[in-house]
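Worksheet for the structure shown next.
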Amino acid sequence: MDQRAYLWANRLLGNDPGAAALEVTLGGLTLRFAVETVFALTGADCAATLDGFATDAWRTVRARPGQVLRLAYSRTGMRAYLAFPGGLDTDRAFDSASSVARDGLPGRLGRPLLEDEALRWAAPDRVCPKRYVPPHLVPPPGAASGLTLPLITGYEWPEFSEADRGRVFAAEWTVDSASDRTAMRLNGPALASGPRALDSSPLVDGTVQVTGDSRPLVFMRDRPTIGGYPKLGGVDPIVLDALAQARPGTPVRFVPADLGTIRRAMARREAFFRVHWP
Amino acid sequence: MITFPGPASALVVLPVAPDRDGIARVLSLERFARESLAGVRATIPAFNRLLVEGAPGRWDPEEIMSTLETGARAALRAPPKTQAVAATAMVTLPVCYDPDLAPDLEQVAVRAEMSPDDVARLHSAPTYLVLATGFAPGFAYLGDVDARIATRRRLSPRARVPRGAVGIADRRTGVYPAEGPGGWCLVGRVPAALFEDAAERIARFTPGGTVEFRPVGRKDYEAECR
């Protein structure tokens, strides 16, 4: 969900940017190391400890056999990322190691972890130099004070009433508790003026769709490929990382955005993290 | 009409009906886009629309716009090609129209002023084209359903439609690949066993592929369920 945190965790270890890592929603994970290795923890602050001593996130950490890594329930943010040298040993389906529990894909680890389950990763004894994310590049913890979502208007935007289009930018929205990896749902004024009976349109990450209850949702990483409700446009894909960390109740505002600026920022990020496509 | 729904994506909506003819034209535009544009990461064809996603570092909006405009004009000029677009993607599904397994068959028949057997015959007659995939992983919108048995969605969707249920909505039909909510009128059932393997279920249909329904009796249906 938070691709920036996931990319940093792999980069710290010298992994391929697409190496499989753990996404830990709301914390609450305990692991015992069976081998000497290095790991990197990023994302939501889960007050991690190694054998009871506080251990820093956003850096490489060495663990010895028998040591216990404990992530408490997250204090800010929603999701922590835990990466290991070479990436977790998982199956892949459709070019992806990402777990979809609903479909049991991609096979091995296509579901939440079980108690006492053994995890393996590709290069436990790889020599990883000490690395940390420069402090000014560590995203601010959580977004409890509010989040600004740059919105590129599009799709059926012109077919919403002027009053509704005004409401989108004027209202203070809040993140709804029914949000998940498919979409972040927002509470706020009803946007009831959109067209009815549409043919489904292809979606991108960040597409904002107004569903039957007249409330907007922002499509996230487990989104479907097409959606049949009227759409307002799309949120800056980079800001989806911060949105992925927003807890229910977080205030959210939309601001108009410029496509070119966002595209250049995305290009810089992909070059920095050496993101490549299968 | 071409718009940019994201920083490195373009959506083309062809001014044609979202039916067999529409998807045939969209698929020829898709081939053109994949041949003409560098760095295309994904394309999603659906009904009369095509989404093209590219690499942000190689995305020139003016070049994309003019290439897709050229492709769209060519796709609109070409004669509609509504035969199998992807000859490799042909699927035949056994379907049982037993009223026990088809709770809306009777109602569709009454509305169409014909017998349930005639509805089943008309539903299983055509070679359908996959117009889009989506709604749920592995769900395909198939068209075009014979106009005589085209039917509106149910006013209140069912909370639980069984895996393998065959529905009709307007001039489209489809098979529910997993249990879940659904509002289409259910006129038949494909053995659920054909949808058990997730990877197979998700990859079975692609836009432009063809699907045929082979009517089977209750006994054969039960046999295929085992």
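A quick note: this is a predicted structure, and the numbers were derived from the prediction, not measured. The chains referred to below are lettered A, B, ... by the order of the sequence lines, with proteins before strands, and numbering in each begins at 1. The figures here come from the full heavy-atom set of this structure, side chains too, leaving out hydrogens, waters and symmetry mates.
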Checklist entry - Given a strict heavy-atom distance threshold of 4.5 Å, which part of B:A178 is in contact with chain A: side chain, backbone, both, or neither? => result neither
Checklist entry - Taking all non-hydrogen atoms of both residues, which atom of A:I226 and which atom of B:F135 are closest, and how far apart? => result CG1-N, 4.1 Å
Checklist entry - Taking all atoms of both residues into account, what is the closest heavy-atom pair of A:V204 and B:P5, and its distance? => result CG2-O, 3.9 Å
Next on the checklist: Shorter than 4.5 Å, heavy atoms on both sides: which option in B:P18, B:A46, B:A132 has the most such pairs with chain A?
Outcome noted: B:P18
For chain A and chain B, what donor-acceptor pairs lie under 3.5 Å, backbone included?
residue : atom : partner : partner atom : Å
A:D103  : OD1  : B:R201  : NH2          : 3.0
A:D199  : OD1  : B:R172  : NH1          : 2.9
A:D199  : OD1  : B:R172  : NH2          : 3.0
A:S201  : OG   : B:R49   : NH1          : 2.5
A:T225  : OG1  : B:T133  : O            : 3.4
A:R263  : NH1  : B:P7    : O            : 2.8
A:E270  : OE1  : B:R41   : NH1          : 3.4
A:E270  : OE1  : B:R41   : NH2          : 2.5
A:E270  : OE2  : B:R41   : NH1          : 3.0

Checklist entry - Do you know which two heavy atoms are closest between B:L11 and A:P202, and how far apart they sit? => result CD1-CD, 3.8 Å
Item to check | Residue pair B:F4 / A:L259: nearest heavy atoms and the distance that separates them | outcome: CB-CD2, 3.5 Å
Checklist outcome for this item: Hits for salt bridge (Lys or Arg N to Asp or Glu O under 4.0 Å) against A:R167, two or more places apart or cross-chain, chain-then-number order -> A:D164
Item to check | Shortest non-hydrogen separation from B:I202 to A:L105 and the atoms involved | outcome: CD1-CD1, 3.5 Å
Item to check | Residue among B:A203, B:A136, B:A199 with most heavy-atom pairs under 4.5 Å to chain A | outcome: B:A199
Checklist outcome for this item: The interface call for B:P137 against chain A, heavy-atom contacts under 4.5 Å, is side chain
Checklist entry - Of all of B:G39, B:A42, B:P61, which one pairs up most often with chain A through heavy atoms under 4.5 Å apart? => result B:P61
Checklist outcome for this item: Here the gap from B:I44 atom CD1 to A:L203 atom CG, rounded to the nearest 0.5 Å, amounts to 7.0 Å
